[in-house]
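Working notes, beginning with the structure itself.
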Amino acid sequence: MARHEVRLPQLSMGMSDAEIVDWYVADGEEVAEGADLVEIEAEKARQVITAPYAGTVRELRGDSGDVIEVRDLLCVIEAN
């Protein structure tokens, strides 16, 4: 079973971190590629991070209101 790490992407040149606004998935939930995973706010703009792979969501990192750094782990998706 392949494990894919989903990390916070750098969405603009000046972006160094982002706040988690809301998770759209739960640990153990099945997701399709392109499904909404989490909404973040960075540099006064909100953005939804989508699943780059289909599979089972594991290891959600952070709660609403938490600030995470660019390239920090958001979650892991286990490919089925």
Close side-chain approach of V21 and R46, heavy atoms under 4.5 Å: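 Yes, side chains in contact.
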Side chains of V57 and D27 in contact at under 4.5 Å (non-hydrogen atoms):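 Of all side-chain heavy-atom pairs linking D27 with V57, none is under 4.5 Å.
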Connected hydrophobic set around V48, excluding itself, where side chains approach under 4.5 Å: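 Direct or chained contacts put V48 with Y24.
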Where at least one partner belongs to residues 48-80, residue pairs that pass ring pair (Phe, Tyr, Trp, His ring centres under 6.0 Å), sequence neighbours excluded: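 Sorted result for residues 48-80: H4-Y53.
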Qualifying ring pair (Phe, Tyr, Trp, His ring centres under 6.0 Å) pairs, either residue in residues 60-80, two or more places apart: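 Passing the test, one end in residues 60-80: no pairs.
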CG-CG distance between L37 and D22, expressed to the nearest 0.5 angstrom: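 So the gap between those two atoms works out to 12.0 Å.
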Reported CG-to-OG distance for the pair L8 and S16, which is rounded to 0.5 angstrom: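 Going from CG on L8 over to OG on S16, the span is 9.5 Å.
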Pair E78-T56, side-chain donor/acceptor within less than 3.5 Å: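 Not at all, the side chains of E78 and T56 share no donor-acceptor pair under 3.5 Å.
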Only distances under 3.5 Å count here; give the side-chain donor-acceptor pairs of residues 68-76 to other protein atoms, sequence neighbours excluded, each with its distance to 0.1 Å.
{"unit_1": "D72", "atom_1": "OD2", "unit_2": "E69", "atom_2": "N", "d": "3.0"}

Sequence-distant partners of S12, side-chain contact (heavy atoms from CB on, under 4.5 Å), two or more places apart: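 With neighbours one apart ignored, the set is M15, E43.
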Exam field: side chain W23 to backbone G62, donor-acceptor pair closer than 3.5 Å: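 Flag set: sc W23 to bb G62 pair under 3.5 Å.
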Residues which pass side chain to side chain donor-acceptor pair (under 3.5 Å) with E59, listed by chain and number, not counting sequence neighbours: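 E59 satisfies side chain to side chain donor-acceptor pair (under 3.5 Å) with R3, R61 only.
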